[in-house]
Amino acid sequence: MTDHAQPLVFPADFLWGAATAAYQIEGAAGEDGRTPSIWDTFSRTPGKVRNGDTGDIATDHYHRFREDIALMAELGLPAYRFSIAWPRVRPGGSGPANKAGLDFYDRLVDGLLEHGITPVATLYHWDLPQELEDAGGWTDRSTARRFAEYAALVAGRLGDRVGAWTTLNEPWCSAFLGYGSGVHAPGRTDPAAALAAHHHLLFAHGLAVGALRAELPAGARVSLTLNLAAVRPRSDDPADREAARRIDGLANRIFLDPVFHARYPADVLADTAGVTDWSFVRDGDLAEIARPVDALGINYYTPTVVAADDPADPAPRQDGHGGERSPWPADQGIRFLPADGERTAMGWPVDADGLYELLTRLRDDLPGLPLLITENGAAYDDYSDPSGAVRDPERIAYLRAHLTAVHRAIAAGAPVRGYFVWSLLDNFEWAYGYGKRFGIVHVDFASQRRTPKDSARWYAEVVRTGELRPAGPPA
Ligand code: IFM
């Protein structure tokens with residue numbers, strides 16, 4: 001549903017922006033006291049990242065951040081969501097702060113504010129200090145305490161200028177891709193470890209909310225970003241619906257219930273009883289995890305379609321995350337299906353209705369909680385044409401469809417307060433390396449030249465006017 005004859009007008013105070021993450025753009029991996037994270041180790045392990053790519057240089061944002069801020073200002077972006085590299089500001093994950101690391105974020109925040117751009121900081125976008133992984137990583141409870149200390153330290157330095165904070169980005173990926181299927185760092189493949197990591201990540205979130213509130217001025221907003229799934233059964237058949245219930249439990253309710261209701265869902269505990277006894281959950285943890293937040297960040301790309309497996313007709317895995325092992329603990333008997341229709345360069349189906357479904361579900365399940373789209377976007381095989389332009393009509397169509405879905409959800413009463421396109425720049429796309437381009441700004445990785453794609457100009461106009469105009473006839 002992307003056709004509309006009239007402009008779709010967004011609320012006047014809607015927060016528009018673009019998002020990035022430290023390891024994906026900064027580079028300068030060994031500079032100014034930064035120590036390795038699990039992604040440095042993982043990307044240097046042969047066979048883990050396509051083409052042997054690493055984040056050593058990435059988009060060199062550490063040295064070019066002023067140019068990138070100027071670019072955002074030129075595009076008229078009111079807000080910028082970035083992440084802070086834990087191993088840059090607290091090398092090794094514990095012990096004293098690294099002044100040079102904190103100074104970088106200080107300069108970044110000051111530069112943004114000088115250009116009138118609102119900084120939105122994420123504390124953890126997957127770059128766990130390697131020393132902490134060596135001591136057990138997210139399967140170890142003490143990592144949560146180190147995270148809260150790190151959160152306090154960063155808030156103490158930036159909290160006078162940064163008013164919007166996110167603890168974790170997509171803990172599902174950290175736990176289930178990092179410790180379950182192993183396609184993300186640290187590359188462990190143990191479903192019990194994935195569930196322990198999941199719990200300790202949420203515990204870290206709760207401790208960090210407390211630490212941030214103690215450090216930040218009143219009025220600062222603290223949130224968590226989840227990549228919740230729009231889960232659909234293939235059919236109304238009870239077996240397909242049962243598959244959808246189980247994946248909804250492991251993708252959505254395993255986060256929403258503890259964070260907003262201080263409990264784990266009974267059906268998920270039962271479904272995973274063969275994997276773990278959940279003895280890592282201690283008295284008081286759930287109360288900590290459920291500390292109130294001011295908003296929920298949603299990252300959405302594509303829906304998840306599931307069905308009951310047919311043993312007579314085994315199908316290859318299609319859960320969109322790559323890898324040979326399942327990231328989902330206890331998913332025996334469930335088949336992941338490719339949705340029909342158009343796909344992005346990731347192979348992810350384009351389906352904006354999933355975003356509408358998710359937002360209206362959250363409207364109903366968490367009444368009144370402000371929602372932010374903290375990531376949404378698409379990878380395409382973009383290139384600079386002979387005139388130097390980067391034409392990306394598919395990305396414009398993708399963004400248009402998803403913004404239409406956001407507008408529709410707002411009209412239906414979902415309290416969506418902002419939208420951040422993923423991503424500002426082409427960058428290091430984790431296990432896919434530099435081969436997948438999500439940016440609205442093209443980066444030539446050899447020269448580090450930035451070129452706004454057509455989608456950047458299109459998005460700038462949406463942001464400037466606060467409205468989505470009807471699509472013109474195809475060129
Ligand atoms: O690039 C990632 C980002 O780091 C987290 N969310 C999904 C994006 C696209 O895969």
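Note that ligands are numbered from 1 as they come in the structure, with each ligand's atoms numbered from 1 the same way. Fair warning: this is a prediction, and the values are worked out from it, not measured in the lab.
Applying the salt bridge (Lys or Arg N to Asp or Glu O under 4.0 Å) definition to pairs two or more places apart or across chains, those involving residues 161-180 are Asp106-Arg161, Asp110-Arg161. The list of side-chain hydrogen bond (donor to acceptor under 3.5 Å, both in side chains) pairs with a residue in residues 172-181, not counting sequence neighbours, reads Glu133-Tyr179.
Note on ring orientation: taking the six-membered ring where Trp is involved, the planes of Phe445 and Tyr434 are tilted (angle from 30° to 60°).
Annotation: cation-pi geometry satisfied between Arg88 and Tyr62 (NZ/CZ under 6.0 angstrom from ring centroid, within 45° of ring axis).
The protein residues lying under 4.0 angstrom from ligand 1, judged by non-hydrogen atoms, are Gln24, His125, Trp126, Asn169, Glu170, Tyr301, Trp348, Glu375, Trp422, Glu429, Trp430, Phe438.
With sequence neighbours excluded, the residues satisfying side-chain hydrogen bond (donor to acceptor under 3.5 Å, both in side chains) with Asp53 are Asn51.
Other residues, nucleotides and ligands place more than 12 heavy atoms under 6.0 Å from the CD atom of Glu461.
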